[in-house]
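One structure below.
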Number of protein chains: 2
Amino acid sequence: MVQKKGIGKSQRQTPTIREVARVAGVGVMTVSRVINDHPAVKPKTKKKVLTAIQQLGYERNEAAGLLKGQRAMMIGLIVPDLSDIFFAHCANTIEKLARESGYLTLIVSSGHDVELETQQAELMARRKLSGLLLVTSGTLDVNRIQRVIEGGLPIVAFDRPLEGLGTDAVLIENRAGAEEAVEHLISHGHKRIACVGFDSEAYPVAERVKGYRSAMSAHGLRPYLSMKVDCLEAAMNWVDSARLKQDAPTAVFSTNYRTTVHLLRAFSERKVKIPSEVAIIGFDDFELAPVIAPPVTTVGQSAVDLARRAFRLLLDRIEITGSDVGRSPEKILLPATLIVRESCGAHPRSKKTAEPV
Amino acid sequence: MVQKKGIGKSQRQTPTIREVARVAGVGVMTVSRVINDHPAVKPKTKKKVLTAIQQLGYERNEAAGLLKGQRAMMIGLIVPDLSDIFFAHCANTIEKLARESGYLTLIVSSGHDVELETQQAELMARRKLSGLLLVTSGTLDVNRIQRVIEGGLPIVAFDRPLEGLGTDAVLIENRAGAEEAVEHLISHGHKRIACVGFDSEAYPVAERVKGYRSAMSAHGLRPYLSMKVDCLEAAMNWVDSARLKQDAPTAVFSTNYRTTVHLLRAFSERKVKIPSEVAIIGFDDFELAPVIAPPVTTVGQSAVDLARRAFRLLLDRIEITGSDVGRSPEKILLPATLIVRESCGAHPRSKKTAEPV
DNA sequence: TTGAAAGCGCTAACAA
DNA sequence: TTGTTAGCGCTTTCAA
């Protein structure tokens, strides 16, 4: 796991603490104290050392500390897909906050591979990272993750809980958000409302489906699920088959951005008018939602808030001392907000000022 | 730069190579050889060692290698803004490729801060990373970067060159792409074509503006630049003022995604019809470009290709041995492709099948 | 207030 | 084929 020989050709050798000590005419320990701002050093001595450090261009070797059992000033971030704009925003926020606290951020985009996520978490533990922010793609091996945590790597889950493990977690109120969206459609008189999406095992989607179901059943409406629409082709097929039905849906609740986009495109290809022929609300707000014709009504969640809270929690865990070590895990719930535009058939009077991502 | 004491409470102590040696009844060096797949170990001995490793749950301590002068199996990636979908795609691709080659990826989103970029590059050098992929936001301090490279951190620039430094670089043909777009507009009979954008100092934008200028002057047309449109408000102002003009532009070439989006929205707010009242082509393709009404004509560039080539170059540099060390820097140019849809006033017959990002 | 010595876990160099 | 020794650069004793 470490490169065979990293020595280039003329690797300018960085001076060590020992050389600084020699030049300053003091012991290595004194230099160490100066570097670490230990108070018990006479100002005069300190100055000598500082001068020597300056003169030699000394730089602390991070590796040595690690060997002494310290942790790298790095945090890890594992997400299912970094090219997903939502996670990209999360990553951007986390990296910034981490940097401001002196940490570098190691990012892994797992491609929804649960095994990979576990492996990378283990790898990060071995690299002595300070902490890990984790968005899982499914259920991880509890034992392995438990061992990682016990090995001293604090973990905070966000967007999805870490099942079976009592870790801190920051989650979105997916269910309530979905309920609100479906209720909204119902309040417009829709009775045949389809729920379309894919990847229904994924926690956020599963929660949204639950919200859909509960809203429907609360009004005695029959659910109409279709959870395999993840590309344009699937969307076209779905649109075509749905229109043929006797009781074709008059509205659709899309459980995620990707599905929303493809559905929109499919409707457009088939010249189905939105919202007159079919109304649509999509979970996940997106930048262009207000620009599209018609502007699409969405359920928005703030990636920035989510990331911020998660990082805050992790930092607390990392910096925890003494009595707080065993602090019981915190769960934070963040709202999802219905952003009413036009695709749902409503007049565009936002319940909340539209604020994407 | 290393955390003060990373020791939690019941930190399960990982066994060392020495303990493995004791349990296996061999010398430490033999264990080391086994770990590193050195051939000169009798299969029987090897087996004994492997058993002991298994039994103890031994894990190699990465820090020790660093101290011996090896490099961490990590690469760095510095981009101006990770929440920019283009860079998010780049990051996603790079992280994946890196992981497949055994590297972790440290990502920094600089927020277009040149000083920060330099600092982080230096920090990465100190952390003994294996290599660095860099998208600069401006002109970095050549000396400091030079020192980083000499310190043994190979750097490959992409999307923008590293000015004043002979590093490898992978770039997009921004200028040619812009020229093609403007030529296209001209071929539709447009004469008053505005070039709108912001951040004209940024390399890619600057190149695109050059392309615009050269296409215009090639046809004896007067350029009409407006390089401060970076938000909806600015876009509205621009649209309003442009319409008042005597010779209002009949077409606009937008130099970047953000401007394109806000312009689109501003035109929509002002009920300006596209393309009949004004035609538009935007540099940077985006996922929803075909969905918007009307579908927008763009100049697309492949983030994946860009990232892939850049990583390949970096890996070559990292793995370089002996005679190739001083290999002269490579420059790779990747095409930008005009994707004709409808906002430019053309019939939607793509010169190339639309393939976003 | 300062310093010398003893490692942290590993591998390169040498011996056997 | 295997093992011993001597560090890598730093910090933690403990002593001065």
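Values in this document were obtained by computation on a predicted structure and should not be read as measured data. Here is how names work: the chains are called A, B, and so on, in the same order as the sequence lines, proteins then strands, and each is numbered from 1.
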If we count only N and O atoms by modelled type, under 3.5 Å, do the side chains of A:E117 and A:S137 hold a donor and an acceptor together?
yes
Comparing A:L67 with A:G25, nearest DNA chain C nucleotide closer to 5' gives the residue A:G25
Strictly below 4.0 Å: does A:S32 bring a side-chain N or O up to OP1 or OP2 of D:dC10?
no
Checking C:dC10, C:dT11, C:dT2 against the side chain of B:T16 (C-beta onward), the nearest is C:dC10
The single option from A:V34, A:V28, A:V31 that satisfies side chain to side chain contact (heavy atoms under 4.5 Å, CB included) with A:V20 is A:V31
B:I17 has an atom CD1; how far is it from atom P of D:dG3, in whole Å?
12 Å
To the nearest Å, how far apart are B:R33 CZ and C:dC14 P?
14 Å
If only side-chain N and O atoms of A:T30 are considered, is one of them under 4.0 Å from the OP1 or OP2 phosphate oxygen of C:dT1?
no
Identify each donor-acceptor pair in which a side-chain atom of residues 90-97 of chain A lies under 3.5 Å from a protein atom, sequence neighbours left out, and give them as a table.
unit_1, atom_1, unit_2, atom_2, d
A:N92, OD1, B:L82, N, 3.4
A:N92, OD1, B:S109, OG, 2.5
A:T93, OG1, A:H89, O, 2.9
A:E95, OE1, A:R99, NH2, 2.9
A:E95, OE1, B:S109, N, 3.1
A:E95, OE2, A:R99, NE, 2.9
A:K96, NZ, A:E100, OE2, 3.4

Rounded to whole Å, the CD-C1' distance (A:E62 to D:dC8) equals 15 Å
Spacing of A:R18 atom CZ relative to D:dC8 atom P, expressed in whole Å
7 Å
Below 4.0 angstrom, N of the basic side chain to O of the carboxylate: do B:R309 and B:E330 qualify?
no
Starting the side chain at C-beta, find the nucleotide from D:dT4, C:dC10, D:dC10 nearest to B:N61.
C:dC10
Can you measure A:I53 atom CD1 to D:dC10 atom C1' for me and round it to whole angstrom units?
13 Å
Which of the following nucleotides, D:dG3, D:dT11, C:dT2, is nearest to the side chain of A:N36?
D:dT11
Check the phosphate of C:dT2 against A:T45, side-chain N and O only, distance under 4.0 Å to OP1 or OP2. Yes or no?
yes
Between the main-chain N or O of A:H38 and the side-chain N or O of A:N36, is there a donor-acceptor pair closer than 3.5 Å?
no
Whole angstrom is fine here: how far is it from CD in B:Q70 over to P in D:dG7?
18 Å
Rounded to whole Å, the NZ-P distance (A:K48 to C:dT1) equals 15 Å
Let me spell it out: for each of B:V28 and A:K42, pick the nucleotide of DNA chain C with the closest heavy atom. Which residue's pick is nearer the 5' end?
A:K42
d(CE, B:M29; P, C:dA13) in whole Å:
10 Å
Among C:dC10, D:dT4, D:dC10, the nucleotide that comes nearest once only the side chain of B:R60 is considered:
C:dC10
